[in-house]
Amino acid sequence: MTEETALLEAPLLEAVSLSKRFGDFTAVDDVSLAIRPGEVHALLGENGAGKSTLVKMLYGILEPSAGEIRWVGKPTRIARPSEARAMGIGMVFQHFSVFDALTVAENIALALPNMPMAALAARIREVSTAYGLGVEPDRAVHTLSVGEKQRVEIIRCLLQEPKLLIMDEPTSVLTPQEAEVLFETLRRLAGQGCAILYISHRLDEVRALCERATILRRGKLVGSCDPRDVSAREIAEMMVGTRIGWTDRSAAPTPGEVRLAVRDLSVPAPSDFAVALKGISFDLHAGEVMGIAGIAGEGQPELMAALIGETRTRADAIQIDGKALGDRGPTARRMAGAAFVPEERNGHAAVSDMRLSENTVLSLHRPGGIARGGWLSFARAASWAEKIRRAFDVRSGAPDPAASALSGGNLQKFVVGREILRDPGVLVVSQPTWGVDAGAAAVIRQALVDLARSGAAILVISQDLDEIFEISDRIAVIHKGHLSAPAPAADMSPDKIGLLMGGAFTEAA
């Protein structure tokens, strides 16, 4: 064995019996793993399994309660992220760490303070073009979609030329095409000797990209495997410790009355980087789930804002159970029996610094809030939040934690559960299973279908085609602010949807 081969086979980073305790709660319990140069290593587990806590220790955000971290064979203490970056560890976070008021270049400059802005802008364009990430350095971050904000995180990390790249759900808001470009980038980086620790709930991409997987369950190491040698279902069942079922749509009734009517909805683009909505019309019936597919940035945020009431329109453009509410705000629409789950859970669907009970009050505080009756007082909020946690298996280390204390997947389960348990007549949800594990995704999807079968009308906006096909009775596609005519899911196929995503219906028109 040559010296070079020995160095490649020796671990770049090792976690040796790492544990992290928060009071009486143990988030990570005696976990060990090793990552070698050039290796793409998956870290898998259900929501609350301890993945994010583990990588925060590796990146210097959290101090281990016990155990040791070794870098190139030597015990080391990583006290803060700046020390991790200096060693050559980069991290792309699941929850974005960007400032909306700054430009893309200004956000990235915070991690690269010694590079002149002109040179940095040129490097951003170079890396963005080379890796197909498509972000302009001069754009203000508040004008970016969620997917584009994720690209800023990835570019910032790549510009630091890391030896170890930690990626926490990097494709959760990327389109399949964008994700494939990222995979090619990661394969190229691995070929150059960069080690990659990859966290994802998308098991098909793990199987395509990773050569080794470490699996956690409730903070403990439960196994490892070569994900290329086992099925996605087998991996998911290792993660959750039980069998995973498919969504049951067998009880599909004949659709009932129209509960949400959208009539010639046209909204000008709110900024130069947004998308105008152009004559969108559809009926959403009691008892059905309608899915809206589309590539990121084609008008989904603008459509969601119009449906929620954050963007006002003509009164008759949006009707809920026959009431013209297009010129009314979110509160009026909620009081009419509608509920909403926006794409961005932090800051939009939930307030990070508030406790779960307080976040419950935000959407359930008026008549119509709970099963269309009664007021939710602060006194009842804690018990209602606990009901949501039990129903959707929301895990945390405290009885009523702040939203920021939850992992991304657990916060998503809480937000979706909060709206479903309202028993709304109309539910509009964007990216319902973003960042949740396979078991939790199955629970959420079944809950959406069950709510529809009880008489609600459900609209799901999602970039996950598997999800769209699994739960939808009808499917439409959004492209450049136009919406295709909804069609029965049985009449659609991935190829048909792909053509519609490319604008086939707008060209025909």
Side-chain angles (χ1 to χ4, degrees), residues 100 134-136 139-151 172-179 260-284 289-314 317-319 325-327 330 333 338 340-344 348-349 426-432 434 458-465 467-468 472 474-487 492 496-509:
D100 284 350
V135 174
E136 277 295 317
R139 280 186 64 177
V141 166
H142 71 82
T143 70
L144 303 181
S145 69
V146 175
E148 288 169 325
K149 290 179 182 178
Q150 179 68 286
R151 293 177 213 166
S172 58
V173 291
L174 300 183
T175 67
Q177 295 90 339
E178 290 169 325
L260 173 65
V262 177
R263 296 285 180 266
D264 193 24
L265 174 63
S266 295
V267 177
S271 73
D272 292 341
F273 302 106
V275 176
L277 302 180
K278 302 165 185 174
I280 291 177
S281 296
F282 62 87
D283 287 333
L284 184 63
V289 179
M290 188 172 112
I292 294 182
I295 297 170
E298 296 290 329
Q300 294 96 325
E302 293 80 8
L303 176 58
M304 193 72 186
L307 294 173
I308 289 174
E310 294 170 351
T311 300
R312 309 293 178 90
T313 63
R314 301 182 338 269
I318 296 173
Q319 302 165 34
L325 295 169
D327 60 345
R333 300 184 195 200
F340 310 98
V341 180
E343 174 181 17
E344 198 161 3
H348 199 181
V426 173
L427 175 61
V428 182
V429 53
S430 182
Q431 315 302 338
W434 173 30
I458 313 295
L459 184 69
V460 174
I461 301 171
S462 178
Q463 293 172 41
D464 186 335
L465 283 188
E467 176 167 82
I468 289 283
S472 300
R474 289 189 299 150
I475 299 173
V477 174
I478 192 167
H479 173 74
K480 292 184 178 178
H482 296 273
L483 190 71
S484 69
M492 300 292 271
K496 271 188 182 179
I497 289 181
L499 289 172
L500 294 172
M501 283 180 174
F505 67 96
T506 58
E507 292 165 9

*Asks:* Please report the interatomic distance CD1(Ile497) to CG(Leu465), rounded to the nearest 0.5 Å.
*Replies:*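 Ile497 atom CD1 to Leu465 atom CG measures 5.5 Å (nearest 0.5 Å).
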*Asks:* Starting from the C-alpha separation in whole Å, work towards a yes-or-no answer on side-chain contact (heavy atoms from CB on, under 4.5 Å) for Leu499 and Val477.
*Replies:* CA-CA 10 Å; Leu499 289 172; Val477 174; over 6 Å; no
*Asks:* Tell me if a side-chain donor or acceptor on Glu302 pairs with a main-chain N or O of Val275 at a distance below 3.5 Å.
*Replies:*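 Checked: pair present.
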*Asks:* Contact between Ile458 and Leu284 at the side-chain level, heavy atoms closer than 4.5 Å - yes or no?
*Replies:*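 With C-beta onward as the side chain, the pair stays apart.
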*Asks:* Just by distance, do the side chain of Ser281 and the backbone of Asp264 share a donor-acceptor pair under 3.5 Å?
*Replies:*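 Indeed, once roles are kept as given, a pair shorter than 3.5 Å links the two residues.
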*Asks:* Just checking Lys278: does its NZ atom have more than 12 heavy atoms from other residues, nucleotides or ligands closer to it than 6.0 angstrom?
*Replies:*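 More than 12 within 6.0 Å, yes.
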*Asks:* Could you state the interatomic distance from CE (Met304) to CD1 (Ile292), rounded to the nearest 0.5 Å?
*Replies:*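 Between atom CE of Met304 and atom CD1 of Ile292 there are 10.0 Å.
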*Asks:* Hey, does Asp464 have a side-chain heavy atom less than 4.5 Å from the side chain of Gln431?
*Replies:*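 The answer is no; the side chains never approach within 4.5 Å.
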*Asks:* Determine whether a donor-acceptor pair (N or O, by modelled atom type, separation under 3.5 Å) exists between the side chain of Ser462 and the backbone of Ile468.
*Replies:*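 Checked: no pair found.
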*Asks:* Compare every heavy atom of Met501 with every heavy atom of Gly294, then report the nearest pair and how far apart it is.
*Replies:*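 Looking at all heavy atoms of both residues, the closest pair is N-CE, 3.6 Å.
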*Asks:* From Leu265 CG over to Thr313 OG1, what is the distance, rounded to the nearest 0.5 angstrom?
*Replies:*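 Between atom CG of Leu265 and atom OG1 of Thr313 there are 5.5 Å.
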*Asks:* Taking all atoms of both residues into account, what is the closest heavy-atom pair of Ala476 and Pro486, and its distance?
*Replies:*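 Reported closest heavy-atom pair: CB-CA, 4.0 Å.
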*Asks:* At what distance, to the nearest 0.5 angstrom, does OG of Ser484 lie from CE of Met492?
*Replies:*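 Here the interatomic distance stands at 5.5 Å.
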*Asks:* Yes or no on side-chain contact (heavy atoms from CB on, under 4.5 Å) for Asp100 and Leu144, after CA distance, side-chain angles and deciding distance?
*Replies:* CA-CA 9 Å; Asp100 284 350; Leu144 303 181; over 6 Å; no
*Asks:* For the pair Ser430 (side chain) and Pro342 (backbone), establish whether a donor and an acceptor sit closer than 3.5 Å, ignoring hydrogens and angles.
*Replies:*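 No, because the side chain of Ser430 does not come within donor-acceptor range (under 3.5 Å) of the backbone of Pro342.
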*Asks:* Here's a test for you: under side chain to side chain contact (heavy atoms under 4.5 Å, CB included), which of Val426, Leu307, Val289, Val262 qualifies with Leu459?
*Replies:*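 The single option meeting the side chain to side chain contact (heavy atoms under 4.5 Å, CB included) with Leu459 is Leu307.
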*Asks:* Can you name the nearest heavy-atom pair linking Ala276 to Ala269, along with the distance?
*Replies:*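 So the minimum-distance heavy-atom pair works out to CB-N, 3.6 Å.
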*Asks:* Apply the test side-chain contact (heavy atoms from CB on, under 4.5 Å) to residues Gln300 and Ile478: give CA-CA distance (whole Å), side-chain angles for both, the deciding distance (0.1 Å), then the verdict.
*Replies:* CA-CA 7 Å; Gln300 294 96 325; Ile478 192 167; 3.8 Å; yes
*Asks:* Is there a side-chain contact (heavy atoms from CB on, under 4.5 Å) between Arg333 and Ile308 once you walk through the steps?
*Replies:* CA-CA 7 Å; Arg333 300 184 195 200; Ile308 289 174; 6.0 Å; no
*Asks:* So which atom in Pro432 and which in Ile461 form the shortest heavy-atom distance, rounded to 0.1 Å?
*Replies:*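 Heavy atoms of Pro432 and Ile461 come nearest at CD-O, 4.1 Å.
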*Asks:* May I ask you to decide if Ile295's main-chain N or O and Gln463's side chain share a donor-acceptor pair within less than 3.5 Å?
*Replies:*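 No, Gln463 side chain to Ile295 backbone: no donor-acceptor pair under 3.5 Å.
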*Asks:* Atom CH2 of Trp434 and atom CD of Glu467: how far apart are they, to the nearest 0.5 Å?
*Replies:*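 So the gap between those two atoms works out to 13.5 Å.
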*Asks:* Tell me if a side-chain donor or acceptor on Arg263 pairs with a main-chain N or O of Gln319 at a distance below 3.5 Å.
*Replies:*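 Between the backbone of Gln319 and the side chain of Arg263 there is no qualifying donor-acceptor contact (under 3.5 Å).
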